[in-house]
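Quick note: numbers below take in every heavy atom, side chains included, and nothing from hydrogens, waters or symmetry partners. In the text below, chain A, chain B and the rest are named by the order of the sequence lines, each starting its count at 1.
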Amino acid sequence: MASVKLKNIHKEFNGVKILKGIDLDVNDGEFCVFVGPSGCGKSTLLRIISGLDDASSGEIEIADKDVTHADPIDRGIAMVFQSYALYPHLTVRDNIGFGLSLAKRPKNEINERVNTAAKMLQLEALLDRKPKDLSGGQRQRVAIGRAIVRNPEVFLFDEPLSNLDAALRSKMRLELTELHAELNATMIYVTHDQIEAMTMADKIVVLNAGHVEQVGTPMELYHHPKTPFVAGFIGSPKMNLFEGQTAQEHGADIYGIRPEHLTLSTQTGKWQGVIKHIEHLGADVIVHIQVQALGTLVARADGDFAVTTGSEIYATPQQGREHFLSK
Amino acid sequence: MKSSRSYPYWFILPSGLIYLVLFLVPTVTAFWFSLTQWDLFETRFIGLENYSQFFQEPFLITGAVNTVVFGAVTSIAKSILGLLLAVLLTSGLLGQSFLRTLIFFPVLVSTVGIGIAFTEIMHPARGMINVGLSYLGIHGPAWLIDPHLALFSVALVDVWKGVGLATLIYIAGLATISSDYYEAARIDGATKLQMFFRITVPLVRPATVTVVTLSLISGLRSFDLIWAMTKGGPGFSSDVLASVIYKQYQAGFYGLSTAGNIILFVLVALIVVPLTYWFNRREVDL
Amino acid sequence: MKDLVKKLTVIAFAFSAVSAASAVELSILIDNNPDTVALTQALTLAYSKKHPDVKFEMELRPGGAEGDNIVKTRLATGEMADVFIYNSGSLLQALRPSRTLEPINDIANFSNILSSFTSTVSDKKGNVYAVPAQTAMGGGILYNKRLYKELGLKVPMTWKEFMANCAIIAAKSKAAPIAQTYRDSWTSQLIVLADYYNVQSEQPNFADDYTNNKAKFATTPSALRGFEKLQQVSEAGYFNDYYGAATYNDGLNMVATGKAAHYPMLTFAIPAININTPDQINDVGFFAQPGDDASKNGLTVWMPNAFYLPKEGDHKDIAKDFLSYVATVDACNTITNAIGANGPYLIKGCTLPDNVFPAVKDMLPYFQVEGRTAPALEFLSPIKGPMLEQLTVEVGSSIRTAKSAAELYDQDVEKQAKQLNLPNW
Amino acid sequence: MKRQQVIIGIVALVLGVLLFATPFMFIGITAVKSAAEASHLGLSLPSKWLFWENFMAVIKARNYMLLLAYFNSTVITVGAISLLAVSAAMIGYVIQRRPSKWNGFIYALILAGLMIPPAVVPTIWLLKELHLFKTLHGMILIQVAYGLSFSVLLFRSFIASIPRDLDEAAIIDGAKPWQVFFKVILPLLKPITITVVLVQSVTIFNDFTNPLYYLPGKDNVTVQLTLYNFQSQFSSQMNLLFMNILLVTIPPLIMFIFFNKQIVKGMTAGAVKG
């Protein structure tokens, strides 16, 4: 099995710096998620690991071998594309077995391995269909099957769930997590969706504008974001972030408090404001409060918290849940 | 980008080499020959004399005007008729696919054959067209032998032969327009005519660009059909640059006709390149 | 069919190997005129009968300027057939004969060829390049004898008389006085070209002066006259209906059947009339295009196409022997049998049979009197402008005046002269 | 189908047949008439159907020249098309997929191929130097050179519609560049390939000018040249000339019937984006 090491990866394209020195270790068997807004360079980084693109400088090691200049096939990786990239002219069986047949494996071995993968992904009934006859979720599974069948040391996923509807997406999240447990392979997964990152990852790498903002487990990032970017990116609704007096009092640039870490009261509290807008989610309500000193403060409260728009309210941060961040 | 490794240039080699040797090399040597007096046996360098001679050709202006007229008339007619036919033939008519086949078929038939056949069909007295018109009490025109009409008669046949291809391209173009637009327009209360002008015409633009460009280039260079039908006549009335050049070639003025070729190329480029540029710029605006 | 299968296999093999032939095979490139095909077939067959080891392979090319081009291109690239048939007039000069063609002065029967022919196909050093493939031809006016008889007309000796005849025909018959056939635009040149006897009788030096850039069509009244005659008959409305769409064949049929009274043409058309309308061949007569002076009436004569050899032929000796055969009385008779005779032969000892067509008979008297024939201009001067046929179509169609056409033609000729690198241009 | 569609359909059918089918009927009818009837150029039915007689006369003419011409034209067309279709797709693929500073230049060369008329005589000399003049394979190469631009443009625009992900997936699967092309891309090009094959084979089969120059010789005659050769020979036998036109038209007709359905498909992604 394999670890992935990135050393000082730079990527420049037409004079634009896309990656500005990425250092990263992904451990053997780890489920590592690259997350960040679009244009942060996460897909580029994945393509560099895959060998589809070359880094402008820097080194890549997979399973302790320097693969910086190796072809994709020599890196022991498999990749699942956002568009699935299924070969439209081939059946599901041939799609899954394509790499093996390129490698000139014997027919019965290919068959056996394709069947195994198909079984694992419940694709057996679909093996003789063409991709155009499959649903989105089925195509997704074929794409994963194509990756599994080659027994790679490292799986690369490029936003694999973004073309699915919400229900299917959460189902596939679960399946992928199970798959990871079953295969126990190293997986690198790119997404812009922080929920996917939080729910699936062993390790999250937050990328922003071509550099790594922070690396850590989901909970580390949630509880201890090191930069305002990470603080704002992880968690939903977004953390409330304010510059100004409150932050300065603690020697920081920015003060942050998550909506779920605010206690609301109609009587008293730290900040007084007026409710501008309420979103009812059922179990929770999200309350947007106009606070004179701060601006808009978003808070999460219990679903039966009964307030009305326009009424006055007080919000208090919970002890020890406050973040003081430098720019 | 690793495109250098994934998309190697040697893919270009096999036929790129053929193209280089059999098309580009002769074309470049032609530039040299255009500066010589050349009777196939000897070349004598005469500088730009061929070019000045070419510009003094008494029927150059006729030829140049005819070239542009022929190119413009045929490409405009093909794109308008092609679009109308395409709309008609995608509206679910009775016998629609048969009609598509019928209209496309002339595209496939040899130009020489068409030329020979239509020269007979357009015979002023015995030809099918005028005989048919006479049943309707119309005295048909003299088509190919009327000097004012000859070029347009050939253009008519060219459109007849080529409109199938234009229609086909337009049918393909129409297929890419989402029916949502028409439904939205119907809800907005647009009439059929409004839909045609407000939705179809603008959205089928890429097909229009293709049709106009392709038929303009072939129209400006057109030779086979004109030669098969009128040989540029009567007199010089349907001469285009390509036939003027060919006649010089036939007469053995090889240097001169090679110079003419280059001038024709420049004319085509002067018309087509800015047009393409303009089309492409407009496309970005959309 | 067997023959075809054999050929296909030969071609298939030719991709890799060159097949060795046991018998010698001469290739002959000819134009696709049916007469040329027929006479070449007859001559080669007759020759092969005498020399069974020699076979011939005929290749056809289009006629007209397109064919000229093919001949030129193939000579220039050294791809010419062992023997080829080509024009013996001004077009020959463009082939650069001294460079590309094999002189045939040394063939056995060289002395049989009349000097009136050899002079048109030789260079300054006295090398002769061709053996005539047919008889000499007259360029003048084919006319319908029956119609002339019915209307009591006489063969005109002057242009005035000719016009008078036309007027009578127009008034008293349904026939078109003159057939013109501009679909085959080369036929439109005849009135101008066949007028050359008249030009020469007034301006004996015209050909030389013209070659040396001293005389022009537009400024020499007698030369301009040919264009003017065309304009005159066109303006008089003497042409058949839809002459713009009529073909050479239409013209022949019209004059043979009496739908037209006159058709300005070369006499090589006579065999074609015999093929198309054999019943009417005896109704067709011929006279020279008249000039303005009855005392100077004569015929403009065309030399026939001829057999040539390229300089780099593979089977030169055999090819020469074949040409030598063509210059015999036996060959003349073979030609006569194949396509009929339509003028005097240019080989010594060749005679015409007594039963030649009337139109041919009409032509012979011109040859029997010294000075009643003159070669067409293209056999006296290497310059012939390629635009002439379009210009004559324009004059004949009343699009352009004679004067303007002559001026444009003089301009056109200049290109040709420059191309040939003639002095004084 | 609505009433209106049926009515318009009938009107369109009548007009379409009148405008587009009658010329072919004219060719067909003239081809089976006697020479005398054919010279009247009418659409009237022949008094005697001489299909077989005229057919044999044309086939037999000049020692079965037409059959030889069919053989030659077929060799040239098939040879040129197989080379052209694959290699034009390869070129279209590389220049579409590989953006580089050379692309503008290559594109200009391709457009030049569309716009510049070929220089005949230098080409002949060159062919002769290469021992390709007067050979069928030389003619094949000429047709490839002259048809390349148009085919590359069609392929290029079609390939643009094939997601690059597919190439990359194949690369990840371990495909070499040529495997990516031949195993993944080429099978997907079927619709546009059919269009190219159809359009180009018809162009090559119907080509008249180029064989005239580059393929002289009786043994090298092509189908269109028979038309030309017979035009003067048959000048008083319109029936045979038109029988010849008819026979020359048959191969494209067969091609067309065969591929009819595929053509529009091929055009959909192809020509429109030009």
| Are any non-hydrogen side-chain atoms of C/Gln180 and C/Pro264 less than 4.5 angstrom apart? | yes

| task | Sort B/Pro124 into side chain, backbone, both or neither according to what part of it lies under 4.5 angstrom from a heavy atom of chain C. | result | both

| message | Counting only non-hydrogen atoms closer than 4.5 Å, does B/Leu256 touch chain C with its backbone (N, CA, C, O), its side chain (CB onward), both, or neither? | response | side chain

| query | Side chains of C/Gln390 and C/Glu394: is there a donor and an acceptor less than 3.5 Å apart? | reply | no

| Side chains of B/Ser34 and B/Thr258, donor plus acceptor under 3.5 Å | no

| task | Using non-hydrogen atoms and a 4.5 Å limit, figure out which bit of C/Lys384 sits close to chain B: side chain, backbone, both or neither. | result | neither

| task | Against chain B, label C/Ile70 side chain, backbone, both or neither, depending on which of its atoms sit under 4.5 Å from a heavy atom there. | result | neither

| field | Top of C/Gln411, C/Arg400, C/Glu414, C/Met387 for chain B proximity - count of heavy-atom pairs under 4.5 angstrom | value | C/Met387

| remark: Turns out that what part of C/Glu389 lies under 4.5 Å from chain B's heavy atoms comes down to neither

| message | Using the rule given for side chain to side chain contact (heavy atoms under 4.5 Å, CB included), can you reason through B/Phe70 versus B/Val154, listing the C-alpha separation, both sets of side-chain angles and the distance that settles it, and then say yes or no? | response | CA-CA 9 Å; B/Phe70 190 84; B/Val154 181; 4.1 Å; yes

| task | Before giving the answer on side chain to side chain contact (heavy atoms under 4.5 Å, CB included), spell out for C/Asp184 and C/Thr187 the whole-Å C-alpha distance, their side-chain angles and the decisive distance to 0.1 Å. | result | CA-CA 6 Å; C/Asp184 292 313; C/Thr187 62; 4.2 Å; yes

| message | Please classify the contact between C/Tyr242 and chain B as side chain, backbone, both or neither, with a heavy-atom cut-off of under 4.5 Å. | response | both

| said: So which residue, C/Thr392, C/Asp241, C/Val395, C/Thr100, ends up with the most heavy-atom pairs under 4.5 Å with chain B? | reply: C/Thr100

| said: At a 4.5 Å cut-off on heavy atoms, which part of B/Ala125 comes close to chain C: side chain, backbone, both, or neither? | reply: both

| task | Could you tell me which of B/Glu120, B/Gln56, B/Gln248, B/Met122 has the largest number of non-hydrogen atom pairs under 4.5 Å with chain C? | result | B/Glu120

| Rounded distance [0.5 Å steps], CG in B/Leu225 versus CH2 in B/Trp160 | 10.5 Å

Distance-only donor-acceptor pairs under 3.5 Å for side chains of residues 228-238 of chain B, two or more places apart:
| residue | atom | partner | partner atom | Å |
| --- | --- | --- | --- | --- |
| B/Thr230 | OG1 | B/Ile226 | O | 3.3 |
| B/Thr230 | OG1 | B/Gly232 | N | 3.1 |
| B/Thr230 | OG1 | B/Ser238 | OG | 2.7 |
| B/Ser237 | OG | B/Pro234 | O | 2.7 |
| B/Ser238 | OG | B/Gly232 | O | 3.3 |
| B/Ser238 | OG | B/Gly233 | N | 3.4 |
| B/Ser238 | OG | B/Gly233 | O | 2.6 |

| task | With a 4.5 angstrom heavy-atom cut-off, could you sort out which part of C/Leu391 is near chain B: side chain, backbone, both or neither? | result | both

| said: Just by distance, no angles: are the side chains of C/Asn213 and C/Lys216 close enough, under 3.5 Å, to form a donor-acceptor pair? | reply: yes

